[in-house]
Each structure stands twice: as structure tokens, then as C-alpha cells.
Amino acid sequence: MKSAAKPRDRDTPHPEPADRLAPDDAWLDEVIACLAAGKAVRREFAEGGRLHIDRPLPFLCVFVAGAKQAVVAREITQSNASYLIAPHAAAAAPVIAAVGRVIQERLGAFFVLEYGELDHDDPPARDAPYQPPFTIEVVASKEPAAQAAAKAFLGAVSTIEGKFRTAHMDLLEPPPKEQADDAPLTTFPGISVRFAPIYRETGTERIYPELRERLIANIFDAGLEALAAATASTTDIRVSTHRAFGRKTFVETVTRTDRAIDEIAGSFDFLLAVTPINSDAAWAEFVSSRHQVAPRLLYRPLTLEVEAAKKKLFSVGFEHLEDPLLYALYREKQQELDLQLSMISAREGRTFVEFGRALYGPVEAKLLDVATDILAQTQNRVSKPGQKPAIDAVDSAYIRNRAQVMVSTYKRQYADFNASVELRDDIPAGLLVSRSQLLIARSTAMSRNRVEALLNHEIGVHLLTYFNGSAQGLRLFRSGLAGYEGMQEGLAVFAEYLSGGMTLARLRLIAARVVACAAMLSGAVFPETYRLLVDQHRFQPDDAFNIVLRIYRGGGLAKDAIYLRGLVQLLAHLAAGGSLDPFWMGKIAASHFTAMQELSLRGLLSAPAVRPIFLDDAHARSRLDRARAGITPLDMIAE
């Protein structure tokens with residue numbers, strides 16, 4: 001371990017006299033009283049100072065500098081559940097001492113983690129062939145807790161994959177008292193972390209945004225590792241992961257940001273905006289052309305001003321959320337909404353399909369193989385085109401009545417399950433969920449034995465996760481985390497299987513959507529894709545038309561490949577020992593499991609307000625056990 005000649009400057013000294021910057025005795029007395037009673041604290045003081053403690057924890061993160069200095073170190077500090085922002089060491093010291101005494105008496109230990117930035121970075125030359133390491137300095141006091149924290153911090157930083165520059169780390173000892181320029185910030189055990197300001201261009205005020213976000217997320221996480229190690233070495237407090245030491249409360253800015261994003265997400269219905277309103281007339285037109293000419297598709301007029309919505313979307317700031325995880329989730333959602341708005345703006349235009357490819361992804365070769373294999377293995381089990389099998393069909397009125405019964409069942413379990421069911425003439429045959437509404441096309445007819453399974457798809461998954469997401473406190477979980485749709489649709493299709501309603505025709509339809517989507521993305525026109533389904537895969541003409549209509553709506557929508565993709569991902573998740581429970585908490589993707597786990601550990605998410613009623617059935621539980629043992633989509637077909 002190296003010895004520091006003297007402590008690093010805590011940025012530029014403030015011109016104000018120290019006694020005007022420090023909190024007064026009355027302010028400290030109020031803080032001490034709150035902490036002694038186990039209450040949360042969020043108090044401001046002079047020159048932008050703030051103390052935030054959302055629950056008693058055996059540590060305090062500290063940042064000492066002016067408001068415009070070392071902005072990343074400041075953001076890392078205030079991302080923690082317990083932190084102090086102070087304009088000067090003279091203001092920080094009495095607060096740390098007062099808080100430390102109360103916390104140490106209450107929890108038996110107290111630790112300080114101070115963040116700051118080095119004065120400058122030594123960047124590479126503009127024409128340098130490689131990116132040199134950047135410096136991170138850690139000064140640790142001699143107590144075991146500080147040594148454990150320093151070791152954990154350095155270990156965490158060393159595992160960070162440097163996309164741009166890796167870290168060169170120096171572990172330093174505090175300077176001897178006689179060599180120190182000023183009094184130590186605290187006498188409690190602690191470490192001080194300083195890093196080079198690689199997020200900004202040397203000599204200018206320009207910021208590298210992506211590098212800034214990475215730096216905040218990585219050093220914040222390493223800091224939590226250090227705090228967990230210090231806590232474990234001095235207390236009996238144990239946590240399953242260092243992330244459990246994150247914040248357990250949202251600041252008011254999070255709520256405002258969440259409401260703003262939800263307002264924008266709720267200002268338009270993407271699927272209704274790109275779904276044609278003349279499907280019956282389009283089918284008649286297509287038939288009259290002998291299936292040679294793509295029909296004209298008509299859409300409802302837009303009430304949305306896309307440019308105004310985008311301006312509002314990008315006026316929402318995330319810099320004051322004080323939580324790197326939430327920052328990342330809202331940024332992802334912002335980007336997803338931007339793509340949806342771009343698609344609506346490009347409706348019926350050439351760029352629509354490319355925006356859709358960016359939003360939903362291409363049809364990967366492996367997924368196309370799965371879909372093609374399903375169609376090939378089931379082809380001899382279906383009727384020839386033109387030979388419509390007889391079914392025990394029911395109409396839209398029957399489906400609506402069954403849907404209302406199911407909604408009432410959920411509402412008895414959870415009073416806020418306020419879903420509505422509506423018959424519509426302006427959507428193609430089938431069912432569609434729009435936020436809290438179930439929309440049923442009046443032209444819909446289906447086999448009676450498919451009704452409950454399809455309602456479990458729409459109500460038991462889509463509406464249930466909407467209302468469970470609403471109950472989480474953040475509306476983001478009801479409108480959906482970015483990229484949630486694939487797993488959500490896979491889960492909904494899986495609900496049909498658990499309900500005993502996965503038929504041969506249904507699985508073939510889901511596979512056909514993938515094949516048709518791949519053809520569309522490869523440049524095939526409407527009639528070509530239609531003939532592919534009828535001639536090669538033996539679909540009935542009207543069924544093939546409905547599939548192709550969905551694929552080519554808006555100008556070419558790549559969404560329909562996500563049903564089979566999500567189902568395959570879900571089956572793999574279950575076979576690997578994964579749980580379904582997190583999926584009921586809101587609209588999420590499998591990639592959000594780690595985030596959901598962390599938010600749950602921090603107490604920011606609650607258990608689902610209501611669970612799917614189909615899981616109460618013994619046959620459903622048996623099918624779920626079978627899926628956990630490992631099955632393919634073809635194994636899901638009901639005999």
C-alpha cells in the first residue's frame with residue numbers, strides 16, 4: 001500500500017466563511033431526533049447542502065464540493081440510500097459526527113465513504129492507437145472495516161469491462177497528521193475514492209454522455225460492494241447481495257418523471273394507430289383481384305401530433321432521479337417510445353418497416369427454423385385449403401359475456417381490477433388489449449373450446465400485469481419496461497397452454513406469423529407472402545389473409561415474430577429453473593429480472609396484487625411442472 005503525501009483537495013475551497021456554511025445546532029438536533037426515532041431524513045442546508053437517509057444504515061456516503069464541481073462524483077454519492085452533500089469540509093464534519101454518533105449507538109458501527117474527483121485526467125492523444133488506463137485512487141484508514149471496504153471496492157472495479165478505458169488503481173494510506181493540510185473529514189473508519197474525470201473532454205466543458213453513465217453505474221456498484229464488506233466486518237447485518245443496500249424510497253422527482261413518461265405513453269395507442277379499419281373490405285378486394293394485388297388498407301385518423309409528443313418526451317429529464325437503475329430503465333423506455341412515435345409518423349411509408357425492425361428486431365435464423373419445423377411437422381394434420389373444418393363456433397357476444405365473467409372474478413380478488421370489455425367494428429377479427437380495455441372485434445368467431453384459453457391470454461396476462469403494474473407505485477410497470485412485449489406475448493401464449501387450450505391451429509398460426517414476418521422483412525410483397533402460406537404451408541385462404549394483413553399493416557410490422565420468440569425464451573427460462581413469479585408483478589422482459597430482484601430487495605416493489613386464476617387449476621400446475629422438466633412448443637398441443 002502506498003502512502004499519500006497529503007489528502008487530495010476536496011475541490012476548490014468555497015469563498016464563503018465556514019461558519020455560514022455549516023448547519024446550525026437546531027438543524028442538527030432535528031436530524032438527530034429523526035434518526036434516533038428511526039425516521040427517514042432529507043434536509044437541505046446552505047449552499048446546496050443536503051442530508052438524505054432513507055433508513056438507518058451503518059454508513060454514510062459523502063461528497064464535498066460546490067454545486068458545479070465534480071458532477072459525476074456528486075451523482076454517484078446521491079445515488080445512495082444514505083448520503084451527505086456539503087459545500088465545504090467545515091460544513092460536512094459536524095454533520096458526519098452527529099449522524100455517526102446516533103447510528104453507531106443504534107447499529108453498533110458507522111462507516112464513511114467519501115467520493116471525489118481528481119483534478120485532471122491524462123487523456124490519450126487524438127491519434128493514439130490505444131486507450132490508456134485512467135486513475136482511481138482509494139485512501140483507506142487503518143481499521144479492519146476500511147481495509148475490507150477498500151479491498152472490495154478495488155476488486156469490484158477490477159472486474160469492470162472497460163469499453164473505452166480501463167481503471168488503474170492506487171491504494172493509498174492516509175498521510176501522517178503532521179503532513180496533512182487540514183483536519184480529517186471524520187474520525188470514523190472510512191475510505192475516500194477519487195477518480196480521473198474521464199467523462200469530460202480535457203480543456204473544454206464537453207461531456208461524453210455514454211462514458212459518464214458507465215462511470216456512474218460502475219463506481220456506484222463498486223461502492224455498494226465496499227459498503228457491504230464494511231458492514232459485514234463490523235456488524236451482524238447480512239444481505240443476500242450488496243444491491244440490497246440501495247435506496248428504499250423514491251425521491252419526488254422519480255414520481256414526476258414516471259407520471260410524465262406515462263402521460264406520453266398513454267397519449268397514443270400504437271397498435272390501434274397501425275391497425276387497419278377496413279379488414280373485411282380489404283379481403284373482398286383481395287379476392288376480386290384473384291389474390292394478385294395487395295388490398296388498400298385504411299387507418300383511423302391520427303389525433304396525435306408526433307413532433308409535439310417527441311418534444312415532450314425528450315424534455316423529460318432523468319438527471320435528478322438519484323438512482324442509476326431507474327435512470328437506465330426510464331432511458332430505455334424513452335428510446336422505445338421514440339421508436340413507436342417514429343413508426344406512427346412513418347405509417348404507410350417506406351421507413352416504417354425499418355423502424356419496426358429496430359424496435360422488434362429481425363427474425364433470427366434459429367427462430368425461423370423453429371417456426372418452419374412446426375409448420376412442416378404439422379402439415380399433414382390439417383385440411384387442404386378450401387376445406388374448412390366444422391367447429392363448434394361462438395360469436396363475439398358470447399366471448400364478451402365470458403370476458404365479463406372473468407373480469408368480475410378478478411375484481412372480487414382485487415377491487416382495483418377495473419377492466420372494461422368492449423365490442424368494436426373498427427378492428428380485424430380477434431381480441432386486443434389497450435391499457436385497461438379488452439377490445440373484441442364484432443366479427444370475431446371461434447371454437448368454443450378456445451375461448452377460456454384466449455381470455456386467459458388477454459385478461460389473465462395482459463390486463464393482470466397492467467393492474468399489478470399499476471399497484472407498484474410507478475406507472476412504468478403498467479405501461480411496460482422497454483422490450484417487455486416479447487416475453488409478455490410468450491407468457492400469454494404459455495397461459496393458453498396452461499389452460500389446456502393450445503391447439504394445433506393456434507400453434508401453426510403463431511409459427512406462420514414468424515415465417516410471414518421473415519418473408520416481409522426479406523422484401524416479399526403482400527400477395528407473395530399470402531401464397532407462401534396457402535400453397536406451401538396449407539393455410540386456409542381467409543386465415544392466411546388475416547396473418548398477412550397483420551404482418552403488412554402500417555407498411556410492414558415486424559411485431560408478430562415476438563410471440564414464438566417469447567414462448568421459446570420462456571420455455572428455456574422454465575427449463576433452467578426460472579420462476580414465473582416476477583412476470584406477474586408488471587410488464588417486464590426476462591432481461592429485467594436482475595433489476596426487479598434489486599428493486600424487490602430494496603423494498604421498492606411489492607408482491608403481485610392478484611395472481612392468474614388459471615394457476616389455481618390442478619391441470620395447469622401439472623402442465624407447468626411438465627414445462628419445467630423441458631418441453632418444446634410442439635409438446636404443448638392439446639391432444
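- E496 has a carboxylate O that lies under 4.0 Å from a charged side-chain N of R450, or vice versa, which qualifies the two as a salt bridge.
- Under the 3.5 Å distance criterion, with hydrogens and angles disregarded, a donor-acceptor pair is assigned to the side chains of T529 and Y552.
- Y299 and G554 get closest at one heavy-atom pair: OH-N, 2.7 Å.
- L454 places none of its side-chain heavy atoms less than 4.5 Å from the side chain of I399.
- Under a 4.0 Å N-O distance rule, the pair D369/K366 does not qualify as a salt bridge.
- Taking the charged nitrogens against the carboxylate oxygens, R448 and D392 do have a contact shorter than 4.0 Å, which makes a salt bridge.
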Item to check | Candidate pair K310 and E307, rule side chain to side chain contact (heavy atoms under 4.5 Å, CB included), full reasoning | outcome: CA-CA 5 Å; K310 282 201 171 194; E307 291 77 11; 5.8 Å; no
Item to check | Evaluation steps, side chain to side chain contact (heavy atoms under 4.5 Å, CB included), between L507 and M502 | outcome: CA-CA 7 Å; L507 185 60; M502 179 52 65; 4.1 Å; yes
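- Close placement of the H573 and F583 rings is indicated, their centers lying within 6.0 Å of each other.
- Panel note: side chain S342, backbone D338; a donor-acceptor pair is recorded below 3.5 Å.
- No side-chain N or O of R402 forms a donor-acceptor pair with one of Y398 less than 3.5 Å apart.
- For F318, there are no ring pair (Phe, Tyr, Trp, His ring centres under 6.0 Å) partners two or more places apart in sequence or in a different chain.
- Inter-residue side-chain proximity for L438 and M406 is flagged as unmet; no heavy-atom pair is nearer than 4.5 Å.
- Taking the six-membered ring where tryptophan is involved, the planes of F286 and H291 are tilted, since the angle between them lies from 30° to 60°.
- At least one side-chain heavy atom of V274 sits less than 4.5 Å from a side-chain heavy atom of F270.
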Checklist entry - Yes or no on side chain to side chain contact (heavy atoms under 4.5 Å, CB included) for Q540 and D542, after CA distance, side-chain angles and deciding distance? => result CA-CA 6 Å; Q540 299 293 330; D542 54 347; 3.6 Å; yes
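- Between the T503 side chain and the R506 main chain, a donor and an acceptor come within less than 3.5 Å of each other.
- Of the inter-residue distances, the one linking L498 atom CG with L580 atom CG reads 7.5 Å to the nearest 0.5 angstrom.
- A 6.0 Å sphere centred on CZ of R296 holds no more than 12 heavy atoms belonging to other residues, nucleotides or ligands.
- In this structure, D54 contributes its side chain and A40 its backbone to no donor-acceptor pair below 3.5 Å.
- Evaluation of the ring pair (Phe, Tyr, Trp, His ring centres under 6.0 Å) rule for F467 yields F417 as partners, not counting sequence neighbours.
- The closest donor-acceptor contact from the side chain of K587 to the backbone of A482 lies at 3.5 Å or more, if one exists at all.
- The main-chain N or O of H537 is found under 3.5 Å from a side-chain atom of R508 such that the two form a donor-acceptor pair.
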Checklist entry - So I261 and L313, side chain to side chain contact (heavy atoms under 4.5 Å, CB included) or not? Walk me through it. => result CA-CA 7 Å; I261 291 293; L313 176 65; 4.0 Å; yes
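- For the pair F250 and D258, the minimum side-chain heavy-atom distance is 4.5 Å or more.
- With E458 contributing its side chain and L463 its backbone, the two residues share no donor-acceptor pair below 3.5 Å.
- Smallest separation of non-hydrogen atoms from R553 and F352: O-CE2, 3.6 Å.
- Summarising the geometry of D581 relative to P608, their closest heavy-atom pair is O-CG, 4.4 Å, with the distance given to 0.1 Å.
- Below 30°, between 30° and 60°, or above 60°: for W283 and Y530 the angle between ring planes is between 30° and 60°, a tilted geometry.
- Using modelled atom types and a 3.5 Å distance limit, the side chains of R442 and S396 yield no donor-acceptor pair.
- A309 approaches I264 most closely through the heavy-atom pair O-CG2, 4.4 Å.
- In terms of the ring pair (Phe, Tyr, Trp, His ring centres under 6.0 Å) criterion, F477 has no residue partners (sequence neighbours excluded).
- Atom CD of E364 sits in a crowded spot, with more than 12 heavy atoms from other residues, nucleotides or ligands closer than 6.0 Å.
- Taking the side chain as every heavy atom from C-beta outward, H242 and D221 approach each other to under 4.5 Å.
- For the pair D560/I547, no side-chain contact is recorded, criterion being any heavy-atom separation below 4.5 Å from C-beta on.
- Taken to the nearest 0.5 Å, the CG atom of L455 stands 7.0 Å off from the CD1 atom of I440.
- Distance CG/D395 to CZ/R400: 9.0 Å, rounded to 0.5 Å.
- Rounded to the nearest 0.5 Å, atoms CD (Q377) and CG (N380) are 10.5 Å apart.
- Put simply, the side chain of L571 reaches to within 4.5 Å of the side chain of M636, judged on heavy atoms.
- Once rounded to the nearest 0.5 Å, the distance linking CD1 of I277 with CG of L297 reads 10.5 Å.
- A salt bridge links D323 with R602: the distance from a Lys NZ or Arg NE/NH1/NH2 to an Asp or Glu carboxylate oxygen falls below 4.0 Å.
- Heavy atoms only, all atoms of each residue included: A561 and C517 are closest at CB-SG, 4.1 Å.
- For the salt bridge (charged side-chain N to carboxylate O under 4.0 Å, His left out) with D262, the lone residue among R435, R256, K333 that qualifies is R435.
- A donor-acceptor contact shorter than 3.5 Å is absent between the side chain of R347 and the backbone of L302.
- The distance from atom CG of N449 to atom OG of S499, rounded to the nearest 0.5 Å, is 12.0 Å.
- Not one N or O on the side chain of N278 forms a donor-acceptor pair closer than 3.5 Å with the backbone of A281.
- The pair R42-E252 does not meet the salt-bridge criterion, since no charged nitrogen lies less than 4.0 angstrom from a carboxylate oxygen.
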Checklist entry - Taking it one step at a time, do S622 and D625 satisfy side chain to side chain donor-acceptor pair (under 3.5 Å)? => result CA-CA 5 Å; S622 176; D625 290 339; 5.8 Å; no
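- The closest side-chain heavy-atom distance from Y484 to T465 is not below 4.5 Å.
- The shortest heavy-atom contact between R538 and Q379 is CD-CG, 3.2 Å.
- Formation of a donor-acceptor pair under 3.5 Å by the R621 side chain with backbone atoms of D616 is found in this model.
- Looking only at distances, no side-chain donor or acceptor of Q404 sits under 3.5 Å from a matching main-chain atom of V421.
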